Amino acid sequence: MSVSRRDFLRGLIGGLILGGAATALGLYVAAPEWFRRRFVEKPVTEVERVPARPLKIGLQFMTRGGGAPWGDPTFKGAMLAVEEINAAGGILGRRIEPVIKDETSPDETVREYKAMIGEGIEFYVGLISSSNTPAVAPVAEEAGIISFFVDGCTDILFEKTVPDPKFSFRITNIQSADGVTAALGAIKFFNLMEKDKVRIAHIHPDYAYGRNAHAHMQIVFEKVLGRDRVEVVEEFWPGLFRVTDFGPFITKMMAGRTDIVATSLWAMDFINFYKQALAYGLFKVAKVVSTISHGIAPHLVESDYPEGFVAGVHANYYFLYPEHESYPLNKIFVENYRKRWGEYPTNGSEGAYTAVYLYKAAVERAYGALGRWPEADELIKFIEGASIYGPAGILTIRARRPNKHQGYKNAIVGISKVDPRYGFNILANPLRIPIERITVPEGWEGREDPTMAYNWIRETWREGELPV
Amino acid sequence: MVRREIGNNIRSIVIVAVIAGLLYPVISSIMPGWEVMLTYGIILAIAALGFNLLFNYTGLLSFGHAAFVGLGAYAVGLSVKYIGLRILEVQVLIGVLLSALLALIVGFIAVRYRGIFFAILMLVTAQILWGFYVKFYHITGGTDGIRIPRPTLFFIYDTTGLGYHAFNMVYHYYALLWFTVLAIIMWYIVNSPFGYTLRVIKDAETRAVALGVNVNRYRLLALVISAIYAGIAGALYAPINRLVTPDLAYWTLSGKIVFMSILGGTMYFLGPIIGALTYVYLETIAQRITIHWYLILGITIIAIMFFMPRGLLGLTELEGFKKMARLFSALRLQFKF
Amino acid sequence: MSLDTLARYILDTFFFASLISLIVSGLNIIYGVMRIVNLAHASLFTLGAYTVAWITANYIVKIFGSNLILLLVLPLTIAVIVTVLVSLVMVTPLLRYSYGKGDAFQLIVTFALLIIFEELFQIVWGRMPLAANDAFFAMGTVNLFGSPYPLYKVFVIIVAFLIILALWLLTYRTYLGLLLRATSMDSEMVQALGANVIRLIVVAIITASLLAGLGGALYVPTASVALGLSLDVLIVAFVGLVIGGLGSFIGSLIGALIVSIFRTLSIYFFPELELVILFTVALIVLIFKPEGIGGGKGW
Amino acid sequence: MLKAEGLHVSISGVEILRGVTLTVARGTIVCLLGRNGAGKTTTIKTIMGFYKPVKGRVTIDNMELTSKSVHERVKYGVSYAPEDLRIFPWLTVEENIKLAAKLAGRNVDEAIEIALGVFPEIRGFLKRQGFYLSGGEKRMVAIARALAQNPKYMLLDELLEGLAPIVVERLSKALREIASKGVGILIAESNVMLAKRIVDEAYIIERGEIIYSGSIDKALETENIARILGVKIKP
């Protein structure tokens, strides 16, 4: 082409100008930070024992959309810890500076996580969804960022996705414990051991968590009650936050003369489900066992929640237990949280809160041993195997496979009951289950399909016998 | 039709590629974390190039290009999951074949329609695939998606051992290579007799029919080529994202591809490329400024549609810019550089 | 299947169809007059829902207690007014200026508007889902062959039916309806005969907004409203639109009903395939009757 | 008087009309004659207001119309039947006419009576939908619809093309009848022979310019114009 040289020039100039404009815009946003890092602050040297720059923490929770009733209190728990620590002078004098991003679909969540790495976070507390932890953990491992996943507790994470984790940890109880706890609660509270036949309808959100809850509830029912006493009437898999009208599901459950509705629907899905179930009269004919119904902010569990169903808190923590009189740590936490946010904490708040303190404790211990601020890979040793007293009681991080880096604390399940003192429906009659009775012990070697816990229960539990 | 010279020659493709190559280490040293966007940008640019072959050169608006992107990505994901295949080039080939097949099947019907009907048909196709990925949990992993291990490049280069940053860098140049080759091929396609015929069909369909052109066959071929580009983009997207989820077939991604092309200027060959690169940064910057960044995105789209219908490259046609270009070329003649 | 189950299914199908038909007929009015598929239309549905949820929980219940009539009428009226006002400020001008600018332009602009709405909801109402089920529970249940069924859902079906009937009368029995139908066939010719098409466009958009806002307002007592609802609603409505036919009044009803029937059936028989089935039906209709079942004959 | 003075119109950068001037008096039939693409339809559409002229003006009885929008011009007494007729396909003939009358602010029943007075045939298919009409019937309805608006001036675009001679004769008669009631008619036509059946006076347009106005017979004596209009001159 004869004009191509002029084209070339025009193209070049166009590219330069656009590139320049884009760079300028980018610099405008990023530069103050970069400038500060380069020129104002002295670079960290060996001599300097604690860096002077603030400590950046990445916080990423589902705080919008249907997951918000779950993610929002969790975020608040983390923020409470950050504010408390800052008010007390930070970690070894370093102020904590939160970098806040949104948790959405796995794809976007990973991208946001990467953006946080770009913003220079040194540790990370985040994630609600079981879809997201297996997506983010490999990136955390590669990037070497100490990451505490508050929830997203799928067994797959430390069994298959990152079987030998270095930088990723998880605070919440493992997911299998959730299904197992709920099923045990149902068997105990509803006296199912005495029934000849139990007709169960399952309704779970269609992703890892729901699938997992289904598998573990079902294996416990089958194992404890005996395979031929359990009949599955229906299985429904509504997409997470995709279904608002549960009418057809409920109708079909009732048509099948269900005794027990086993569900792991959570947040908005559960609210919609129970409200419609109330109107359809489902609770008059069937009993409900939920893994997670009371996991949202307690005051959102309104007093119209049906009473007397097995209420789960994700096998973790409820703000009334451990009882405040006998365990002041919980009392203080609940009071502070209330003062700051005007509501009661959830198991997510507790997890995120404890995670931040766990990091603080580990850094301080490492400082005691090393005499300086630890590098990420040095810090790991001080978290592995560590125990910390949190509001929920003692939390232990496992150091060996299987489920290395998984946090363990005793599980809890109860009965839903309206309490006039609070004006909302609370979790009452807590049944506390020692976590070691329902999870795979350290060093156990077995198949991991669908989860190790599933196979462990199948192989080691005795049929027709309650383990607790 | 006014001839759009700027950004419509083969050298500008090379220039963009070279800039994208040089910029990577620069960005990663001064603004760490921002360099990954460049990789996402050039991969999405491949999909946008495919989109624009349909939109600008054939006159068909596809609101469902995510169907092909998703198919390419799931070709990688499923081949890893079920046959343990990790050689990326072979996976891309599978993605290409699947996309082309889908385009042939859908296109057989879709090319008979224009405008809104074509757009909806493509959208529906993408949504069906999306529904499949979401619902068939046992095959596709549902919304959890499929994790992608590090790929083997060029049949022999196993990237498993590389660190996070090293892999990102290697993969960037690998993707850049694909981008450059594909963009140059696309340039030849739109400037070939085939490309000119497409433009005749777009501007004056009746005339094309009168000239004895089998309009639908040309449209079908354009759709297949377009789908192949989107499929390749999807396949390349999987390893850098480490995860394949139904999001990659969701209509919001289709919307993003449309927006990228519009942003850059669909009238220009280079438009979708510039658009994709700008978009990924625009998104990141907007996210930093405010948590309500979608608001900014929405307003920007509307502003561009109303006030800058030719997109960013349309700015190069402003008088001021032309004056500067003339000045520059005068200087060049003066000093012979 | 027992009789009560069957009756429930039928009522559920009609309930869902009622809501969808309100949205789809609005989309169709706009398409008929302007040839624009307004992607932001579902946002008005969400707006109506948010308004009712917010107003009921914060004001109505506190001020008036649980007076059933007030619970039903007041939030509904306010929601419709709010929706129409917002539509006048945000949707109408944008659509007016997009008029006649080509499919691509309109699809992109309305898509952007959808995004903006989503973000505004978040700014105004926060990130938590809102719910206001007071009316739903206040109405109680009706005995349906021995098992209870929420009366509110029946109420919604009746209201939607009356609205659709009124719309039908408006379209086929009045001069405005004649004008509307003529415009949906050939808006340029209507203009050449002396009609102020811009004014007609504004009327059409307001009517459509009213329907969408009403739909959202009716919907919210049965479930909660959260960010992202617009997209979900839009997609289902879109399938209804495609099946029923773009720019067809009867089509809106047929489309909504078919979507609803297939949804209920697929939940009953293949719950895994709900969306796939819906979209496949749409695809089949597009292949064999691209103008949709009731399409091609104007509004 | 309907007057177009010095109309210049450009469509997407191409100049279509270059100074078109013409006059239609009430009670007369004026023909705008020219080849396909000469600018006939553009002229009519510009008078109707679909295109905004770059230069020039349109007046009706000395009232300025140039800046008025399409639907306002109807109120000044202009009505229009386009080239492709544009009968609303899914409305009945009656509804078509009713709508036009109503939009022009007229009494509907009266308007239908007037239209039926000129075309009594329409009574036979008054309830039929526009879609099912034949070509000739459609043209009658198009004229009747324009007439129902009680116009002072009617703009008819290529109304006679492709019709059987007997239908042409019928329509010509009707047009003359309408004109005799004081309506000014501007009719665009590309076929000289058809035009001659209706009217003798014509404007001849070529490449956006009026090249001749006056008697058609006289025009055909000029070799140049005859060639343009595709008529062979007898030796």
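Predicted model only: the values in this text are computed from it and were never measured. Quick note on labels: first sequence line is chain A, next is B, and so on, each numbered from 1. Values below: every heavy atom of this structure, side chains too, minus hydrogens, waters and symmetry copies.
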For this session: Counting only heavy atoms closer than 4.5 Å, note whether B/Asn241 contacts chain A via side chain, backbone, both or neither.
Result: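 The answer is both parts of B/Asn241.
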Exercise. What part of B/Tyr40 is in contact with chain A, defined as an atom under 4.5 angstrom from a non-hydrogen atom: side chain, backbone, both or neither?
Worked result: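 B/Tyr40 touches chain A through side-chain heavy atoms alone.
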For this session: Examine distances only and state if a side-chain atom of B/Lys135 and a backbone atom of A/Trp237 form a donor-acceptor pair shorter than 3.5 Å.
Result: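 Side chain of B/Lys135 to backbone of A/Trp237: a pair is present.
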For this session: Look at B/Glu35, B/Met37, B/Arg150 and state which one has the largest set of heavy-atom pairs under 4.5 Å with chain A.
Result: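 Top count of heavy-atom pairs under 4.5 Å with chain A: B/Arg150.
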For this session: Calculate, to the nearest 0.5 Å, the distance between atoms CD and CG belonging to A/Glu142 and B/Leu162 respectively.
Result: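 Reported value, rounded in 0.5 Å steps: 9.5 Å.
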For this session: Output the distance between atom CG (B/Asp247) and atom OG1 (A/Thr104), rounded to the nearest 0.5 Å.
Result: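 It comes to 8.0 Å.
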For this session: Check whether A/Glu112 gets within reach of chain B through its side chain, its backbone, both or neither, counting any heavy atom under 4.5 Å.
Result: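 Answer is side chain: those atoms of A/Glu112 sit under 4.5 Å from chain B.
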Exercise. Chain B heavy atoms under 4.5 Å from A/Thr161: which part of the residue, side chain, backbone, both or neither?
Worked result: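 Its backbone and side chain both get close to chain B.
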Problem set entry | A/Asp206 to B/Val134 - nearest heavy-atom pair and separation |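 Taking A/Asp206 first and B/Val134 second, the nearest heavy atoms are OD2-O, 3.5 Å.
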For this session: State, to 0.1 Å, how close B/Arg147 and A/Pro138 come at their nearest heavy-atom pair, and which atoms those are.
Result: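 So the minimum-distance heavy-atom pair works out to NH1-CG, 3.7 Å.
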Problem set entry | Winner by heavy-atom pair count (cut-off under 4.5 Å) against chain B, out of A/Lys101, A/Lys114, A/Glu108 |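 Looking at each option in turn, the highest pair count goes to A/Lys114.
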Problem set entry | Heavy atoms of other groups near A/Lys166 NZ, more than 12 under 6.0 Å |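 For A/Lys166, atom NZ is not crowded (no more than 12 foreign heavy atoms under 6.0 Å).
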